[in-house]
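Whatever order the structure lists them in is the order used to number ligands and atoms, beginning at 1. As the structure is a prediction and not an experimental result, all values here were calculated from the model.
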Amino acid sequence: GEKVGFLTLEKIHVFYGGIHALKGVSLSVDKGEIVTLIGANGAGKTTTLRAISAQAAVKEGRIVFDGQEITRCPTHEVVSLGIGHVPEGRKIFSRLTVWENLELGAFGVRNKERIRDRMGEVFDYFPRLKERLNQKAGTLSGGEQQMLAIGRALMGEPSLLLLDEPSMGLAPIVVEQIFEILGELNRRGMTLLLVEQNAFQALQLADRGYVIQNGEILLADAAQALIENEEVKAAYLA
Ligand code: ATP
């Protein structure tokens, strides 16, 4: 039969009141891939990720993850099936410590030893978080906060990570560091769906990309082909 991806969105429609934010978005991500979704402000990138993790209601269409339909699963169930979401603006708990933020990412896991093991793995990727375990998250630098947001999602033991503009507000060198870690996560088996306004950097990291415009997928291609696409160059890489 037809090949079905690890994650598949089939003609998804999302509305915010009268605003038709997603107009039949279809995309797929295979196991082990890095796929990026690029587009301008308000194109529907965040909404696409929110539809996957059930934070935006899907009016029409289907979402299938790892062979199971998740279109109407509640968020906690989507998380427990293995989808981690690193939200736009990071949304860490500023008044809680690094340790407490990470622990919250493991919600549902009661076994303390497993939580500690998992934290150890997070610290392998982000040694700076280990040095700052008892620091209040709100006092971390922007880059460290982004690391914490990713670390918190990893605590849920995802097999697919949704990342909403991890480069937002960060200095180029810090973006470089974050993207390097994303590459490392992927080499160790993590599948990534990456939303970015920083299209060039995202396409350099990704295997494939989708361009979204006004709630519709405009283009889908290999990342390198999109980098070389004149239309994409003019609109998103200028
Ligand atoms: P950005 O990069 O600016 O976050 P985006 O591509 O992620 O843009 P979305 O945030 O998904 O875009 O927004 C898609 C459309 O839906 C926009 O027109 C936006 O104004 C609208 N929208 C998003 N969230 C809401 C909401 N909670 N209520 C009403 N409209 C919304």
Side-chain angles (χ1 to χ4, degrees), residues 7-29 34-63 65 70-75 78-79 83-92 142-143 145-146 149-150 152-153 160-172 174-175 178-179 182 191-206 208-221 223 226-227 229 231-238:
L7 173 75
T8 310
L9 273 62
E10 295 171 7
K11 300 187 178 143
I12 293 303
H13 291 261
V14 172
F15 294 81
Y16 295 111
I19 298 172
H20 197 174
L22 297 187
K23 304 166 187 162
V25 166
S26 296
L27 63 81
S28 71
V29 182
I34 302 180
V35 172
T36 187
L37 179 62
I38 61 176
N41 267 320
K45 305 181 298 296
T46 296
T47 302
T48 302
L49 297 191
R50 290 172 60 84
I52 296 166
S53 57
Q55 297 169 53
V58 175
K59 179 89 182 282
E60 221 182 285
R62 242 161 61 97
I63 304 178
F65 175 64
I70 60 164
T71 323
R72 304 232 146 41
C73 282
T75 300
V78 173
V79 173
I83 300 182
H85 190 158
V86 184
E88 184 174 31
R90 326 198 221 284
K91 305 277 167 22
I92 53 163
Q145 291 189 15
Q146 186 60 60
I150 297 170
R152 183 182 55 188
L160 167 69
L161 206 51
L162 311 176
L163 295 134
D164 198 343
E165 295 201 34
S167 77
M168 189 159 69
L170 303 180
V174 181
V175 174
I178 300 277
F179 273 57
L182 295 181
T191 304
L192 304 177
L193 176 56
L194 170 65
V195 155
E196 265 297 342
Q197 282 209 54
N198 195 336
F200 185 65
Q201 211 135 10
L203 287 169
Q204 275 187 311
L205 180 72
R208 291 190 299 116
Y210 291 86
V211 179
I212 187 168
Q213 183 179 298
N214 280 324
E216 292 179 284
I217 299 294
L218 191 70
L219 280 168
D221 213 334
L226 289 175
I227 287 175
N229 181 304
E231 216 180 323
V232 173
K233 264 192 212 168
Y236 304 102
L237 305 177

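Evaluated for a side chain to side chain contact (heavy atoms under 4.5 Å, CB included) with L193, the options L163, I34, L9, I52 yield exactly one hit, I52.
Residue-level contacts of ligand 1 at the 4.0 Å heavy-atom threshold are Y16, I19, A21, A40, N41, G42, A43, G44, K45, T46, T47, E88, E165, Q197.
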Between N229 and D221, is a side chain to side chain contact (heavy atoms under 4.5 Å, CB included) present by the stated rule, with each step listed? CA-CA 10 Å; N229 181 304; D221 213 334; 5.7 Å; no
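No hydrogens or angles considered: nothing links the side chains of T48 and Y210 as a donor-acceptor pair under 3.5 Å.
Contact between R90 and R152 at its shortest, heavy atoms only, is O-NH2, 3.0 Å.
Counting heavy atoms of neighbouring residues, nucleotides and ligands inside a 6.0 Å radius, atom NZ of K11 does not exceed 12 of them.
V175 meets the side chain to side chain contact (heavy atoms under 4.5 Å, CB included) test with S167, L170, F179, N198, Q201; sequence neighbours excluded.
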